[in-house]
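Contents: one structure, followed by commentary.
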Number of protein chains: 2
Amino acid sequence: MPQTSIREVARRAGVSVGTVSNVLNRPDLVAEATRKRVRAAIEELGFVRNESARRLRQRAARTAGEFGDEPRRAFGVVIEDLTNPYATDVVRGADQALNEAGHDALWLSSDHSAARERRSLELLAEQRAAGVLIIPVGLGADDIARLRAAGLSVVLIDRDGADACSAQVDHVAGGEIAAAHLLGIGRERIAFVTGAPESQPCVERRDGAARTIVEAGFCKPVVLVMDALSPTEGQAAAQRLLAMSPPPDGVFCANDLLAIGLINELTRLGVRVPQDIAVIGYDDIELAASAAVPLTTIRQPRHEIGWEAAELALAEIREGQSHQHRQVVLTPDLVIRESA
Amino acid sequence: MPQTSIREVARRAGVSVGTVSNVLNRPDLVAEATRKRVRAAIEELGFVRNESARRLRQRAARTAGEFGDEPRRAFGVVIEDLTNPYATDVVRGADQALNEAGHDALWLSSDHSAARERRSLELLAEQRAAGVLIIPVGLGADDIARLRAAGLSVVLIDRDGADACSAQVDHVAGGEIAAAHLLGIGRERIAFVTGAPESQPCVERRDGAARTIVEAGFCKPVVLVMDALSPTEGQAAAQRLLAMSPPPDGVFCANDLLAIGLINELTRLGVRVPQDIAVIGYDDIELAASAAVPLTTIRQPRHEIGWEAAELALAEIREGQSHQHRQVVLTPDLVIRESA
DNA sequence: AGCGTAGCTTGAAACGATTCACGATCTTCG
DNA sequence: CGAAGATCGTGAATCGTTTCAAGCTACGCT
């Protein structure tokens, strides 16, 4: 493993290391002929620049010289669950924004574990990534401070926090809209189905819905806490809802996966959706539109959340000292299809 | 941005830099009292070790000293589409295997673009990642050679290649199994629905199916090429299948997302599945079991593919020079539910 | 010829960590 | 008491790259 370095390239091309570096970084400073010779040497040796050394050297100078176009930087995106289409869509939005700005995005999973989350963040800090976009699971103010001390910008997705920028959706409003719609189509016995452990956004959806329902003069919705926000659990929820007497006539699910599993199972059991039970989901994932009964749901601007989060991270870097944390709050919409 | 370095920690704790480094890496060499003092200094200053410098220095020595437990290393996982549950499940398998071996996984997306794929690989090479697991889109032998020259191990997922290890599923067998099942339940006019651009695995599924059908004495299946392997396209496929005369009585979809969209739309249009048209999918994603008509499908051991790929990458590193590339081929199973 | 200029190239000094051969103390024991 | 270990700490060398002041040529101009 004779890891080729810039020095060997220089020897091969018969120039100094400084010149090779110039070919790599400011090719216009180097004469055409030399440039070609160096490029050929690089090709022949299969040289790949060692980013560790590069960054090690650069950080110092970078603060001095302010000009020139930004170098390409890497941002970490930490999500809790890779199998959740909501999360992956958010990530795609961020990915796209970062790419367009000429940067790279890497993703890490915390897998709902605070330990893994911490480990991922440490990795990013050690690698001196430019910033982190995170859907937090156990993140505390001290973790954020530590990241910032290591020079990273931090943006929270779907959570708020006083000590960092955040991009989130107004879930209370989302819950209100969902409940109002169910009430509007004449439903009176409403249930809320969610998954444990209940995340902050789910609680907000529940609270918004509950408040709307109570204010309309009905009693608080029954809450069914399933094991996860998955279609399989939605299926199980169907059984439990039907076992209630009287069963609800309207169900608000904390996400679309639950809703899809629920609807499929209800349909299979001969319950008509929405005639017998109306179901409304949350997220508007792609599958929602093509479900057995096309799903009425609360659309979250997932892509935009990711996009905004990325913009916030870039802004934090751009603004430096003068940066003030901002909380971007987006509003969800009601998408009416057939299930409610 | 007074990026704290080991030197400042040393000053603060009143020791030399060597000692701080020892506290970090071989704490047993340092006296209790000193260790505490250094740890306190690290805490107060919010010091995070600069991984760039660390690795820069380490590579040289690492080859010399063979002992000690492996340092934690980062592996890149490059996938083409983050929204595909098949890919994300594979990734989780890999993630888990790498984690258990004490390493980290980062994911990058190529988004079906060869340019982005190349860019992602370059990033990993520059960062001197330990290895790459990739579902390739436009990867060539030269790209692999270049990665290897930079010291990374390379494992292909779901594709084969002579110059790297690979973990894949026998899709020809999968196609055969699917077709044999449809024939076995008496279907004679079989259609195959796939998405463009058709990837190698999809072609193999199609070929396996076609061969089985022809050998059974029926005519080659009609092939419907949709724009993507998504539920939305599955929906569109339903319309096109029904427009055929006579319509097929059995459909083999290249993946479950297509099949789910297709079944939902058929059901909505009053076509009974499987009585009128039997539908079989491919992948066995979580949603398959809880679909409106529970999906009969070809189960790919996705998790194991990821796991095996990770093992291959680790083995390549462990074995060094003596490493021989291996092709791991797993066999898919038939999962019979209700749709066929 | 003399001089200024522009265009290329060079070489050495960083960057922040790890490593390793050596000192400096402190114990222990014949 | 003195020598031999043990136990801790030190500090310089090193990794591969970028940067920058300075050097070298060749050229144009007066």
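Throughout, a chain's letter reflects where its sequence line sits, starting with A, and its residues are numbered from 1.
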Can you find a pair of side-chain heavy atoms, one from A/T19 and one from A/L29, that are under 4.5 Å apart? no

What contact category does A/R7 fall into here, base, sugar-phosphate, or nothing, at under 4.0 angstrom with non-hydrogen atoms? base

Could I get the full list of side-chain contact (heavy atoms from CB on, under 4.5 Å) partners for A/R39, not counting sequence neighbours? A/V23, A/P27, A/R35

Roughly how many Å is it from CG in B/L56 to P in C/dA14, rounded to a whole number? 17 Å

Rounding to a whole Å, what distance do you find between B/R55:CZ and D/dT14:C1'? 17 Å

Starting at atom CD of B/E32, determine the distance to atom P of D/dA6, rounded to an integer number of angstrom. 22 Å

Calculate the interatomic distance between B/E126 atom CD and D/dT18 atom C1'; express it in whole Å. 14 Å

Going by the side-chain contact (heavy atoms from CB on, under 4.5 Å) test, name the single residue among B/I79, B/V78, B/D95 that passes it with B/W107. B/D95

Just to be sure I understand the rule, does A/S52 reach a base, reach only the sugar-phosphate, or reach nothing, if contact means heavy atoms closer than 4.0 Å? nothing

Give the nucleotide from the list D/dT10, C/dG16, C/dT18 with an atom nearest to the side chain of B/V15. D/dT10

Interatomic distance where CZ belongs to A/R11 and C1' belongs to D/dT17 [whole Å]: 16 Å

Sub-4.0 Å heavy-atom contacts from residues 16-25 of chain B onto DNA chain C, ordered by number: B/G18, B/S21, B/N25

Show your reasoning for whether side chain to side chain contact (heavy atoms under 4.5 Å, CB included) applies to A/V132 and A/L121. CA-CA 8 Å; A/V132 187; A/L121 293 175; 3.7 Å; yes

Kindly say if A/R54 contacts the phosphate of C/dC15, meaning a side-chain N or O under 4.0 Å from OP1 or OP2. no

Just checking B/R35: base, sugar-phosphate only, or nothing, at a heavy-atom cut-off of under 4.0 Å? nothing

Between D/dT17, C/dT9, D/dC15, spot the one nearest the side chain of A/R49, thanks. D/dT17

Can you tell me the distance, in whole Å, between the CD atom of B/Q58 and the C1' atom of C/dG16? 13 Å

Can you say whether a donor on the side chain of A/R57 sits under 3.5 Å from an acceptor on the base of D/dT17, or the other way round? no

Euclidean distance, atom CD1 of residue A/I42 to atom P of D/dT17 [Å, nearest integer]: 10 Å

For C/dT19, take OP1 and OP2 only and decide whether either is under 4.0 Å from a side-chain N or O of B/R26. yes

Atom CG of B/L29 and atom P of C/dT18: how far apart are they, to the nearest Å? 13 Å

Who are the side-chain hydrogen bond (donor to acceptor under 3.5 Å, both in side chains) partners of A/S199, not counting sequence neighbours? none

Any ion pair linking B/R92 and A/D111 (charged N to carboxylate O, less than 4.0 Å)? yes

